Amino acid sequence: MHAIGVDIGGTKIAVGVVDEHGTIIAKTKRKTQPQDPASIDAAIADAVAELATDHEFHAVGLAAAGFVSSDQEHVLFAPNIAWRDYPLAENVGRLLGRDDVAVVVENDANAAGWAEFAFGAAREVQHMVLLTIGTGLGAAMVVDGKLVRGAYGFAAELGHLRVVPGGHSCGCGLRGCWEQYASGSALTREARRAAVDRPVRAAHLLELAGGDAASIKGPHVTEAAVEGDDLGVELLAELGRWIGEGSASLAAALDPELFVIGGGVVAAGDLLLHPARKAFEDNLPARGHRPIVPIVPAQMGNDAGIVGAADLARIAAADR
């Protein structure tokens, strides 16, 4: 049975028809306005209608960057889209006008994690953690082959574990959250600071950013590091250290078989992953008396949200 997955971003949505093997067989996209939730609903319905002209489906999964209710119908809060206690599933379902189609909302990191578990890097294990290094730090957990959502749907917000009391301010309202040190935003912040404090050492980074420290972005750091720039390598290693140390703490709580790291920065390969693995091993409780859990790159890429949302919607529809 085919299902449709929708990956909802701040300014665009990507929509695809997905088969039971996790393969996208058709795809489309739409631009959206993050401050106009109704326009997002309309864009989703329009994209789904386009795909429906050539494909049969019985479920639609909506991957949303926000706190999703346990009934998988509402987005209770989103940092970058004007969703507040928003009945996303109901609104989209009404616009689709099809009683035979189940509409299911899922957190976007959960959707990506499920895609990696079902079809990607974690398909051979039953216990895994996905960490997505983006603007923030997204995460998903699978335990005994089941996605962990928690009692109220808020589980796996691992980026908001506090690792530095009184540290950098976070958009969640706290200070010192893990994502303030292990994210693309953290990488960018530290790179810009280095360019101001050490402009000679940051010469290559500044060159890539057109000479303006404020224009440096994460991909500039990755590019510089891959080209052998010492500062770029150092910045990625520091990011990797934060990922590894935090993962070691997670291992104490969850004891997973595998950590999967996603996000564009994974393109740096071992420049990021080697420091992460070393920091993980150095900080693992009971080191020497337990397995060293592999830390591997994600495999599903930018399609993970679509594939995971579609597959989870298919499962939910079958259970209803």
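No experiment lies behind these values; they were computed from the predicted model shown.
- Applying the salt bridge (Lys or Arg N to Asp or Glu O under 4.0 Å) test to D100 and every residue at least two apart in sequence or in another chain returns R98.
- Taking the salt bridge (Lys or Arg N to Asp or Glu O under 4.0 Å) definition, one finds that D19 meets it with nothing, sequence neighbours left out.
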For residues 204-212, which side-chain donor-acceptor pairs fall under 3.5 Å, sequence neighbours excluded?
from: H204; atom 1: NE2; to: E227; atom 2: OE1; distance (Å): 2.5
from: D212; atom 1: OD1; to: A214; atom 2: N; distance (Å): 3.1
from: D212; atom 1: OD2; to: S215; atom 2: OG; distance (Å): 2.9

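- Within a 6.0 Å sphere centred on CG of N302, heavy atoms belonging to other residues, nucleotides or ligands number 12 at most.
- Side-chain atoms of W178 come within 3.5 Å of backbone N or O of W242 as a donor-acceptor pair.
- Residues forming a salt bridge (Lys or Arg N to Asp or Glu O under 4.0 Å) with D36 (at least two apart in sequence, or on another chain): none.
- For the salt bridge (Lys or Arg N to Asp or Glu O under 4.0 Å) condition, the pairs that include at least one residue of residues 181-190, sequence neighbours left out, are E190-R193.
- Sorted by first and then second residue, the salt bridge (Lys or Arg N to Asp or Glu O under 4.0 Å) pairs with a member in residues 298-316 read K27-D303, D311-R314; sequence neighbours excluded.
- Side-chain contact annotation: E116 with Q299, donor-acceptor N/O pair under 3.5 Å absent.
- Using modelled atom types, one side-chain atom of R84 and one backbone atom of A78 make a donor-acceptor pair closer than 3.5 Å.
- The aromatic ring centres of Y181 and H168 sit less than 6.0 Å apart.
- Defined by atom type and a distance below 3.5 Å, a donor-acceptor pair is present between the side-chain atoms of E50 and T28.
- Under the rule for a side-chain hydrogen bond (donor to acceptor under 3.5 Å, both in side chains), N283 has no partner lying at least two apart in sequence or in another chain.
- H220 places a side-chain N or O within 3.5 Å of a backbone atom of K217 that can act as its donor or acceptor partner.
- Legend: side-chain hydrogen bond (donor to acceptor under 3.5 Å, both in side chains) pairs involving residues 256-278, not counting sequence neighbours, sorted by first then second residue: D270-R277, K278-D282.
- Other members of the hydrophobic cluster containing V260, listed by chain and number, are W114, F117, V125, M128, L130, V142, L147, L258, V296, L312, I315; membership follows side-chain contacts under 4.5 Å among ILVMFWY residues, whether direct or relayed.
- Listed by chain and number, the residues in a side-chain hydrogen bond (donor to acceptor under 3.5 Å, both in side chains) with E234 are R201 (sequence neighbours excluded).
- Looking at D85 and H74, their side chains never bring a donor and an acceptor atom within 3.5 Å of each other.
- Under the rule for a salt bridge (Lys or Arg N to Asp or Glu O under 4.0 Å), the partners of R290 that lie at least two apart in sequence or sit in another chain are D255.
- In the hydrophobic clustering (ILVMFWY side chains linked at under 4.5 Å, chained through shared members), F77 is joined by F67, L76, F154.
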